[in-house]
Every structure is written in C-alpha cells, then in structure tokens.
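Input: a single structure, listed below in structure tokens.
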Amino acid sequence: MPTLFLRVLTPAIPITDEEGEGYETFSIDCEWLIVEDDGGERANGRTDYRGLRDLADPTVDWITDPGNIIVLVPNEFVFTTVAQVPGASAGQMRRALPFVIEEFIADDIEEVHIALPPGMPQRGMSVPCSVIATDLIENWVNCFTSMGFAPGYLLPETELLPSAPGEISLLIDGDQVLVRTEDQAAMLDRENLNIVLEAETLERIQVIGGELSGPERDQVGGRDIEIDMDATQGSILVLLAARWPVAEATNLLQGPYAVRRKSDPDAARWKSVAALAAVWLVIFAVALVAQGLWSSTQANRLEAESLALYRDLFPNDQTATPRTVRRRLAARLGEAVQDPGGRGFIEYVADLAAVSDNSVTVLGLNYAEGRSELSADLRLARYEDLDQLKESLAARGVNAEISSAEEVEGGVRARMRLSTS
C-alpha cells in the first residue's frame, strides 16, 4: 500500500469556534508526499489544515492504517541527548529517567514527553532520549485526529539520517543543514557547519543532497577522514522518505500517545484459545498454592506429634525442638544419625512455611528426590523480603540459593533452590 509522509513546518495551533465552546480547526503548515509500494512518487506538495483534511480521504482504505502515515517534525522542537541512567532493571531505569533528564532541560519535567529508541533502556548502556513539550505533541496528535486519521510514527527529522560512532551525517537544504552524530542531532545554518567539521573524533562524513564546498573541505584539513557525498537532488522530505524504514528510529508516539494498530485477523482467532489457556494457568497456580498450604499444615502436625512423642518417652529432656527430635531420638536409641542431606519434601515445605508471611506467595514447587533439593517459584513484595527469607532459612539449617529474581507487576518473582549443602 502507499505511504503518506508529512513534514510539519510549524506547531499545530488550535482555533476556537465562534462560540468559544471548543476547537474546530488548527493552524498548521506542512509538506506532504505519497510514495507507492515500489518507491515511486505519486504526488507531493505543501498545504495547510484545510488541504490536509481534503488529502485524508476516509474512504481510502490505506490512509486509515496508522502504519502507512509517517510524520516528521523539525529538530528545533525536539531535544536529543544520551543519558546515563542508574537502575538494576529496565523498570527502575524508566522510573529514574525523568530525574536524570530534568538536569538537562529548562522546562518543568511534568510538561515534557520523553521517548526512547526500540529496546531501551538496557542495563549498563547509555540511553538515547528525545524530549518534546507535551503541548506540542498533543496539539499535533489532536490536529491529525480531527482530520480523521492517526499517524503511526511521529519522528524527529534527523531520525532518518544514518548514525555511527565517529560518523557525522549531513543533509544539505540550501542555507541550512540537518546534522546527526552518534549522540546529537540539530538543524544548523550552513555558515556554522565548521563547528562540527572540526571535531577531532570525526572519522567519516556522509553528505546527502549536495556536496561540501571548498572552504568546508578545508575545515577537514589533512586529516584522514572518509567523505561520502550523495548529490541526489530533492526536498528534505523526499530525501528522508527515501531512507524509510529505519528499525531503530525513535517514535515519539509512545506511552500515552501510542497509536492502536489495526488488529491482526489471525491473532483475533486465537483470543478465545489464549483466554482459555489463561484460565487453566490460574487454576493450576491455585492448585499449587493449595498443595503448598496443605503440605505446610501436614508438616506442622507431624512435627508437633514427633515432639510430643519424644517428650513422653524422655520426660527429663524438655529442651528438644521439632528440628532436633530426630537426631536426639536416634542418639538415645544408639542408632547412627543419618546425613541431614536426606531431608524430604515435607521438611522443606515446613521450613519454607515457617519463615514465610502473607507477603510471600508460592507459585510452584518441584522436589528432586535424588538430590534432596526443592525448587520453589515465589512472589514477594520486595527484593529485601527475598534476602530476609534466605537468612531465615539459613537459620533453620537450609541453604537457599536464588536462581533468578525479577520485577513483575505487584512485586518480585524469584526462583529459589533449597538444599542442605
């Protein structure tokens, strides 16, 4: 299907109706381009709100699909940076990101929208960020919605320029140049281009839509820098559209501005199956929890009965506890004490139940009889509760090894292996 590219040149300014009861139209100026499936150009032009509304014909099927509409916004409205964000997980990093970004911007952090590239943030990696005022993005979205269509992508212009370490990309548009490096992007007057051409770390220059002038080449000097010039002519919109799609481009339509895509018919057929599978998973989880509670009750009952029997047999020894009854009884009867590594499923479950409170939920249990080990899948409120549970088990002579732990909705999910060695 065809693709509609829009390059907005101005903010979308709401215009109230005569009665002042709401917004009827918007003031906006933009360029547009329709590209066919084979990359050929169907039509292009420059228009305002009225022309865009005529262009967005609701009877045309392809224009109702957000994936076919890409909007480019000027970099002057978007602040780009690379942030070092602390956090042990992606969730923690997302929560910390606004506090890091707040140091770089003059606006109130509550009045800006932060967008990240696909797959970000990742622990231990710098986070590229695109920051835009919320009123700007909301007015653009409302403007397009009032026309009867929703863009699938809202991108800073420079997101369609290549970037790599040591490389600078330049898109020349008369007296102005779009500039992108690995961690920065901007629109510069051409007379200021020497600022970036003098960068000491520069290894490669990629020029699109023109050539470097003699004085600009002189700025590079005798340094060993590769210069790749593509003199293909065309407007900024035409040249950028030719580079679409870009998998790693930062789409500003994230979070509250994310666009609902058309549902996949094949996926819809499996919704009932997925719902039924979810019901069975809930039933299975409930059954496992019930099994754990029953096992805990049985373990407590057996421990109490063992202790009562021991004290009946040896009334002078009242210092015995449920954990020492077996060893003391074996010693008094002259039998060899068995290796404590022979602890069974009931004992492990009893230990786990004894040190758990209402904040611990058992999601699954798996006992390996040959190794005398119990694997437990648990959900807890906090990471601190996991450490406390491990220490409490150690006090009961049980070695608890944490196989994995991750944040989930409502707390922390952890997998723990219990053993006596």
Side-chain angles (χ1 to χ4, degrees), residues 3 5-9 31 33 35 39 41 70-83 104 115-120 125-132 153-252:
T3 302
F5 291 89
L6 300 175
R7 182 189 179 216
V8 297
L9 304 175
E31 297 175 352
L33 169 69
V35 177
E41 181 180 321
I70 295 90
V71 178
L72 304 179
V73 301
N75 271 79
E76 64 183 280
F77 298 121
V78 184
F79 170 68
T80 59
T81 188
V82 176
F104 297 97
L116 307 179
M120 284 292 175
M125 295 181 62
S126 301
V127 183
C129 307
S130 295
V131 185
I132 185 171
Y153 303 89
L154 191 72
L155 311 172
E157 293 173 332
T158 50
E159 284 298 301
L160 298 189
L161 293 180
S163 67
E167 178 178 299
I168 182 171
S169 297
L170 309 174
L171 195 158
I172 298 176
D173 182 36
D175 294 333
Q176 292 187 314
V177 183
L178 270 179
V179 180
R180 187 180 186 186
T181 64
E182 182 183 15
D183 54 5
Q184 296 291 332
M187 170 72 85
L188 297 178
D189 292 333
R190 190 161 183 177
E191 60 186 19
N192 296 324
L193 186 58
N194 62 303
I195 298 174
V196 293
L197 294 179
E198 293 175 346
E200 295 182 358
T201 58
L202 193 58
E203 299 175 359
R204 184 172 186 267
I205 302 174
Q206 186 166 356
V207 185
I208 302 170
E211 298 182 359
L212 293 180
S213 65
E216 289 167 346
R217 284 175 172 269
D218 292 339
Q219 294 294 331
V220 178
R223 291 177 292 167
D224 184 17
I225 297 178
E226 178 185 353
I227 301 178
D228 179 13
M229 290 189 287
D230 179 2
T232 303
Q233 295 299 306
S235 66
I236 284 184
L237 181 57
V238 170
L239 295 173
L240 291 177
R243 311 189 72 84
W244 178 260
V246 177
E248 67 275 12
T250 300
N251 188 359
L252 297 175

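Numbering of residues begins at 1 and proceeds along the displayed sequence. Predicted model, so just to flag it, every value in this text is computed and none were measured.
From L212, atom CG reaches atom CG of D218 across 10.5 Å, with rounding to the nearest 0.5 Å. Of the inter-residue distances, the one linking L170 atom CG with T181 atom OG1 reads 10.5 Å to the nearest 0.5 angstrom. To the nearest 0.5 angstrom, E159 atom CD is 8.5 Å from E248 atom CD. With rounding to the nearest 0.5 angstrom, the CD1 atom of I208 is 5.5 Å from the CG atom of L171. Here CD of Q184 is found 6.0 Å from OG1 of T81. Values are rounded to the nearest 0.5 Å. From D183, atom CG reaches atom SG of C129 across 11.5 Å, with rounding to the nearest 0.5 Å.
Judged by distance alone, the side chain of Q233 and the main-chain N or O of A231 form a donor-acceptor pair under 3.5 Å. With R180 contributing its side chain and L161 its backbone, the two residues share a donor-acceptor pair below 3.5 Å.
In plain terms, the two heavy atoms of L240 and L160 that are nearest each other are O-CD1, 3.4 Å. T250 and S130 get closest at one heavy-atom pair: CG2-OG, 3.9 Å. Among all heavy-atom pairs drawn from T80 and A185, the shortest one is OG1-N, 3.5 Å. Smallest separation of non-hydrogen atoms from A164 and E182: O-CB, 4.0 Å. Shown here for F77 and I132, the closest heavy-atom pair between the two residues is O-CG1, 3.6 Å. Considering all non-hydrogen atoms of both residues, G210 and M229 come closest at O-CB, 4.1 Å.
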Task: Worked check of side chain to side chain contact (heavy atoms under 4.5 Å, CB included) between L154 and N251 - done: CA-CA 6 Å; L154 191 72; N251 188 359; 4.3 Å; yes

- [ ] Test L33 against T3 for side chain to side chain contact (heavy atoms under 4.5 Å, CB included), laying out the working first.
- [x] CA-CA 8 Å; L33 169 69; T3 302; over 6 Å; no

Open item on the list: What verdict does the side chain to side chain contact (heavy atoms under 4.5 Å, CB included) test give for V179 and S169, after you've listed the backbone C-alpha separation in whole Å, the side-chain angles of each residue and the deciding distance to 0.1 Å?
Closed with: CA-CA 6 Å; V179 180; S169 297; over 6 Å; no

Open item on the list: Set out, in order, the CA-CA distance, both residues' side-chain angles and the distance that settles side chain to side chain contact (heavy atoms under 4.5 Å, CB included) for E167 and E226, then state yes or no.
Closed with: CA-CA 9 Å; E167 178 178 299; E226 178 185 353; over 6 Å; no

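D173 places none of its side-chain heavy atoms less than 4.5 Å from the side chain of L178. Looking at D228 and D230, their side chains never come closer than 4.5 Å, going by heavy atoms from C-beta outward. Side-chain atoms of P156 and L252, non-hydrogen and from C-beta on, do get closer than 4.5 Å to each other. Using a 4.5 Å heavy-atom cutoff, the side chains of V8 and P74 are in contact.
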Atom pairs and distances, donor-acceptor, side-chain atoms in residues 187-197, under 3.5 Å, two or more places apart:
from, atom 1, to, atom 2, distance (Å)
R190, NE, E216, OE2, 2.8
R190, NH2, E211, O, 2.9
R190, NH2, E216, OE1, 3.1

